[in-house]
Novice: 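First the structure, then my questions, so here it is.
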Amino acid sequence: MAGMAEVGRLFNANELIVAEVLQSAEAMKAAVSHLEQFMEKADTAKRGKVVLATVKGDVHDIGKNLVEIILKNNGYDVVNLGIKVPPEDLIKAYQEHHPDAIGLSGLLVKSAQQMVITASDLKDAGIKIPLLVGGAALSAKFTQTKIAPSYGKAVCYAKDAMTGLRLMNELMDPATRETVVQAHTASGNGFGVTTTVSVTEIPKVSRSPRVRTDLPIPRVATLERKARLVPDLREVWSYINPFMLYGRHMGFRGDFEKRLEERDPKAVELFESMEEVKKEAAEFMKIRAVWQFFEAEVAGDSLQLFATGADEPLHTFQFPRQRQGDYLCLSDYVLPMQSGRRDHVALFVVTAGEGIRDRAEKAKNEGYYFKSHGLQALAIETAEGCAEWLHRRIREDWGFPDPPEMTMAQRFTSRYRGKRYSFGYPACPNLEDQAELWKLLKPEEIGVQLTEGFMMDPEASVSALVFQHPDCTYFSAGDASENWV
Ligand code: B1M
């Protein structure tokens with residue numbers, strides 16, 4: 001235990017990265033399972049018990065599983081209920097396992113809002129133990145002003161797994177518990193929070209002056225729907241952004257590629273360990289994609305998509321327009337008809353998540369924590385890499401292939417013509433629009449389902465709309481709070 005406490009201290013001191021913490025946990029697990037037979041019952045006593053779950057409608061797993069690994073290998077009993085867990089199942093688990101705390105996880109803003117509902121249902125069921133909450137789009141402010149008031153008892157925001165561990169340690173320590181509980185229990189019911197809404201006169205702008213209209217409409221190679229397996233894993237892996245895989249997910253700090261070139265031991269070891277994961281994944285990882293170009297017309301802030309030559313639109317997406325500055329709106333990037341010929345927008349869904357959750361779960365239960373997390377991270381970034389790979393093909397089909405000298409780094413910063421936009425991101429924050437994309441593209445055929453929370457299952461999936469306009473740029477149409485809470 002002292003060993004893992006030291007691991008925690010080194011991690012918080014930025015001397016160890018996530019990948020090394022996982023490898024330490026593996027050593028810890030192997031050691032404990034050997035020593036347990038010689039240890040007194042008292043010595044194997046758990047420090048506490050946590051019921052962990054990803055909230056209703058959300059399929060997000062990788063963050064929650066990292067939390068489970070860290071808590072379990074620091075002496076906690078963890079009951080991991082999995083994904084898409086409705087409040088009633090959490091209440092049942094509470095009654096069955098009598099945990100010391102409940103951990104809620106979620107990826108998107110929608111999940112944060114689901115946490116408010118879940119917390120209030122737990123309260124109504126008479127549950128009073130501390131809640132720990134975490135997730136990419138979640139913040140301490142939203143936890144304090146929204147989730148905590150709806151629960152009425154302590155709700156602690158954990159920005160990462162190690163913070164989750166520190167909070168549990170403090171909650172289970174009689175010397176610090178009361179302070180932590182007081183600090184995380186909301187005073188009011190959150191309803192008293194007054195937000196001042198300033199109503200500013202918004203000039204009626206139907207098109208951003210920043211987006212040209214006098215450009216020729218490029219022709220597309222085909223309007224046929226394509227749905228297929230993307231066979232060459234290694235090729236798609238070359239489209240993975242190393243900062244995301246080795247940095248964001250495996251925790252490497254600094255410029256990974258540069259340090260690898262300099263044969264930095266940490267970078268080399270992480271690279272080789274991930275190559276091991278890749279070698280195994282190459283046996284079973286499947287990448288699938290579905291995409292199609294649609295004829296498109298713009299009508300103010302809305303984008304109409306048509307079947308080839310049809311008069312009536314298949315669907316009309318409504319996009320928010322910036323209320324100041326460039327007054328940008330996604331529909332601006334569609335050129336008006338030219339001598340009866342429409343512009344186009346491409347839609348796609350890609351996934352690399354087939355069978356990943358079960359294999360990661362198996363590796364986790366067998367104590368191969370690096371492989372478990374590494375596999376989930378690889379699948380997630382393979383999905384993102386496949387989005388980059390497919391977007392390049394779409395540019396070629398649109399007749400403007402990338403110049404041969406373009407580098408991957410330039411692609412990762414989208415230095416090419418046109419852009420791709422994913423529902424839920426700032427320019428098109430309305431996640432419900434995924435349902436319309438589903439009707440148009442039918443991604444079920446490549447094994448991707450949409451949850452009641454409009455999330456894609458499997459987790460390692462990405463959807464996007466692709467525009468060809470040279471003036472495309474990434475912008476936020478609403479105020480940033482729409483994408484983070
Ligand atoms: Co995207 N994504 N994404 N994404 N993604 C976000 C979350 C987003 C904020 C980006 C943005 O807007 N700029 C945005 C959400 C905004 C919103 O809610 N409207 C967003 C969106 C919209 C989407 C899609 C919908 C886009 C699309 O395709 N249409 C799509 C949805 C996928 C789906 O439905 N299956 C999508 C997809 C993806 C990828 C698959 C490509 C990828 C992986 C997602 C994943 O992690 N499962 C991805 C990524 C990588 C991100 C960002 C860049 C990073 C998320 C991350 O770090 N994950 C994110 C933007 C950002 O945060 N900068 C973004 C790694 C994971 C280990 O971290 O989940 O935070 P995390 O877990 C941490 C902590 O939160 C904490 O500890 C964990 C480990 O340290 N924690 C707990 C979590 N749960 C806890 C429970 C506890 C304690 C601690 O209890 C004890």
Side-chain angles (χ1 to χ4, degrees), residues 11 18 21 50-55 57-71 76 78 80 83 99 101-113 115 130-139 155-168 171 240-241 243-245 247-251 348-353 373 376-377 379-388 420-434 437 443 448-451 453-465 474 476 478 480-485:
F11 177 83
V18 170
V21 170
V50 180
V51 163
L52 202 48
T54 295
V55 293
D58 190 335
V59 299
H60 177 57
D61 223 3
I62 188 171
K64 165 179 64 66
N65 291 350
L66 201 50
V67 172
E68 177 195 352
I69 293 169
I70 299 297
L71 289 177
Y76 288 92
V78 179
N80 188 337
I83 60 168
I102 292 174
L104 300 178
S105 189
L107 178 78
L108 305 182
V109 167
K110 255 192 171 346
S111 322
Q113 288 146 358
M115 287 180 188
L131 294 188
L132 282 81
V133 294
L138 189 62
S139 69
V155 182
C156 313
Y157 168 68
K159 72 174 172 38
D160 58 28
M162 285 309 220
T163 308
L165 173 64
R166 175 179 58 72
L167 286 163
M168 271 314 292
L171 285 166
I240 288 180
N241 181 341
F243 166 78
M244 287 304 292
L245 180 60
R248 176 98 200 187
H249 293 293
M250 304 315 285
F348 73 67
V349 171
V350 297
T351 186
H373 183 68
Q376 285 198 287
I380 277 170
E381 293 312 320
T382 301
E384 194 61 29
C386 186
E388 198 67 70
R420 65 177 183 270
Y421 300 84
S422 293
F423 286 125
Y425 272 67
C428 42
N430 184 11
L431 209 59
E432 282 79 358
D433 282 334
Q434 292 267 71
L437 188 148
V448 187
Q449 315 302 331
L450 208 54
T451 72
F454 305 100
M455 280 174 236
M456 297 172 276
D457 195 357
E459 167 183 26
S461 305
V462 173
S463 67
L465 300 97
Y474 286 122
S476 175
S481 69
E482 261 150 25
N483 273 71
W484 316 87
V485 288

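Both counts, for ligands and for their atoms, begin at 1 and track the order of listing.
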Novice: For ligand 1 and Arg248, I'd like to know whether there is a polar contact (N/O to N/O, distance under 3.5 Å).
Specialist: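 Among all N and O atoms of Arg248, at least one is under 3.5 Å from an N or O of ligand 1.
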
Novice: What atoms of ligand 1 come closer than 4.0 angstrom to any heavy atom of Met455?
Specialist: 34 (O)

Novice: Report the part of Met162 in contact with ligand 1, treating N, CA, C, O as backbone and CB onward as side chain, heavy atoms under 4.0 Å; options are side chain, backbone, both, neither.
Specialist: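 Under 4.0 Å from ligand 1, Met162 contributes no heavy atoms.
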
Novice: Counting both backbone and side chain atoms, is some N or O of Gly135 under 3.5 Å from an N or O of ligand 1?
Specialist: yes

Novice: Run the contact test for Met244 against ligand 1 with a 4.0 Å cut-off on heavy atoms, strictly below, and give the result.
Specialist: yes

Novice: Considering only heavy atoms, which of Ser463, Gly106, Ala379, Gly103 lies nearest to atom 90 (O) of ligand 1?
Specialist: Gly103

Novice: Taking Leu107's backbone N and O only, do any of them form a donor-acceptor pair with Asp58's side chain (distance below 3.5 Å, no angle check)?
Specialist: yes

Novice: Which atoms of ligand 1 sit under 4.0 Å from any heavy atom of Ala158?
Specialist: 76 (C), 88 (C), 89 (C)

Novice: Leu132 versus Leu171: any side-chain heavy-atom pair under 4.5 Å?
Specialist: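 Heavy-atom side-chain distance check passes, below 4.5 Å.
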
Novice: Does some non-hydrogen atom of Gln376 fall short of 4.0 Å from ligand 1?
Specialist: no

Novice: Any idea which part of Asp160 is under 4.0 Å from ligand 1, heavy-atom wise: side chain, backbone, both or neither?
Specialist: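 The answer is both, backbone and side chain.
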
Novice: Taking atom CZ of Phe454 and atom CG of Asn430, what is their separation to the nearest 0.5 Å?
Specialist: 8.5 Å

Novice: Provide the number and element of each atom of ligand 1 under 4.0 Å from a heavy atom of Phe423.
Specialist: 22 (C), 25 (C), 26 (C), 27 (C), 29 (N)

Novice: Do side-chain atoms of Ser422 reach the backbone of Leu465 as a donor and acceptor pair under 3.5 angstrom?
Specialist: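 No, because the side chain of Ser422 does not come within donor-acceptor range (under 3.5 Å) of the backbone of Leu465.
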
Novice: Going by heavy atoms in the side chains, are Val50 and Pro99 under 4.5 Å from each other?
Specialist: no

Novice: Which ligand 1 atoms does Val462 reach within 4.0 Å, using its non-hydrogen atoms?
Specialist: 28 (O), 41 (C)

Novice: Is there a heavy atom in Met168 that sits closer than 4.0 Å to ligand 1?
Specialist: no

Novice: Asp457 to ligand 1: N or O pair under 3.5 Å?
Specialist: no

Novice: When you measure from the side chain of Thr163 to the backbone N and O of Ala158, does any donor-acceptor pair fall under 3.5 Å?
Specialist: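 Side chain of Thr163 to backbone of Ala158, a donor-acceptor pair under 3.5 Å: no, none is there.
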
Novice: So which of Tyr76, Tyr425, Phe348 gets nearest to atom 11 (C) of ligand 1, if we judge by its closest heavy atom?
Specialist: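 Looking at heavy atoms only, Tyr425 sits closest to atom 11 (C) of ligand 1.
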
Novice: Quick one: which of Ile380, Val55, Thr351 has a heavy atom closest to atom 43 (C) of ligand 1?
Specialist: Ile380

Novice: Within the distance-only criterion (no hydrogens, no angle test), does the side chain of Tyr474 pair as donor or acceptor with the backbone N or O of Arg420 below 3.5 angstrom?
Specialist: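 Present.
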
Novice: For Gly424, counting its heavy atoms only, list the atoms of ligand 1 lying under 4.0 Å from any of them.
Specialist: 16 (C), 17 (C), 19 (N), 22 (C)

Novice: Just heavy atoms, cut-off under 4.0 Å: does Val18 contact ligand 1 by side chain, backbone, both, or neither?
Specialist: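 No part of Val18 comes within reach of ligand 1.
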
Novice: How close do Gly106 and His60 get, heavy atom to heavy atom, and via which atoms?
Specialist: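 Minimum heavy-atom contact is C-CD2, 4.1 Å.
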
Novice: Report yes if some N/O of Ala136 lies less than 3.5 Å from some N/O of ligand 1; otherwise report no.
Specialist: yes

Novice: Counting heavy atoms only, which of Met456, Gln434, Gln113 comes nearest to atom 34 (O) of ligand 1?
Specialist: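 Nearest heavy atom to atom 34 (O) of ligand 1 lies in Met456.
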
Novice: Heavy-atom distances under 4.0 Å decide this one: backbone, side chain, both or neither, for Leu66 against ligand 1?
Specialist: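 Just the side chain.
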
Novice: Heavy atoms only: give me the nearest Cys156-Leu167 pair and the separation to one decimal.
Specialist: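 Closest approach of Cys156 to Leu167, heavy atoms only: CB-CD1, 3.8 Å.
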
Novice: Checking side-chain contact (heavy atoms from CB on, under 4.5 Å) for the pair Val21/Met162: CA distance, chi angles, key distance, verdict?
Specialist: CA-CA 10 Å; Val21 170; Met162 285 309 220; 4.0 Å; yes

Novice: Considering the heavy atoms of Leu107, write down every atom of ligand 1 situated less than 4.0 Å from one of them.
Specialist: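 Result: 7 (C), 44 (C), 45 (C), 46 (O).
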
Novice: At a 4.0 Å threshold, what atoms of ligand 1 neighbour a non-hydrogen atom of Glu384?
Specialist: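 Atoms satisfying the 4.0 Å criterion: 41 (C).
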
Novice: What's the shortest heavy-atom distance between Glu459 and Ile380, and which atoms?
Specialist: OE2-CD1, 4.2 Å

Novice: Can you list the ligand 1 atoms lying under 4.0 Å from a non-hydrogen atom of Ser461?
Specialist: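 Listed by number with element, the hits are 32 (C), 37 (C), 40 (C).
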
Novice: Take every heavy atom of Leu104, measure it against each atom of ligand 1, and state whether any distance is under 4.0 Å.
Specialist: yes

Novice: Which heavy atom of His373 sits nearest to which heavy atom of His249, and what is that distance?
Specialist: NE2-O, 3.0 Å

Novice: Out of curiosity, Thr382 OG1 to Leu245 CG, how far, rounded to the nearest 0.5 Å?
Specialist: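 Rounded to the nearest 0.5 Å, the OG1-CG separation comes out at 7.5 Å.
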
Novice: Within the 4.5 Å heavy-atom criterion, are Arg248 and Glu381 side-chain neighbours or not?
Specialist: no

Novice: Regarding ligand 1, does Ala161 bring an N or O atom to under 3.5 Å of one of the ligand's N or O atoms?
Specialist: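 Between Ala161 and ligand 1, an N or O pair is found under 3.5 Å apart.
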
Novice: Tell me which part of His60 gets within contact of ligand 1: side chain, backbone, both or neither, using heavy atoms under 4.0 Å.
Specialist: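 The part of His60 near ligand 1 is the side chain, not the backbone.
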
Novice: Do Thr351 and Met456 pass the side-chain contact (heavy atoms from CB on, under 4.5 Å) test, and can you show the C-alpha distance, the side-chain angles, and the key distance before you say yes or no?
Specialist: CA-CA 9 Å; Thr351 186; Met456 297 172 276; over 6 Å; no

Novice: Taking all non-hydrogen atoms of both residues into account, name the closest pair between Val350 and Ala387 and its distance.
Specialist: CG2-N, 4.0 Å

Novice: Ignoring hydrogens, just give me the one of Leu108, Val109, Ile102 whose non-hydrogen atom is nearest atom 15 (C) of ligand 1.
Specialist: Leu108

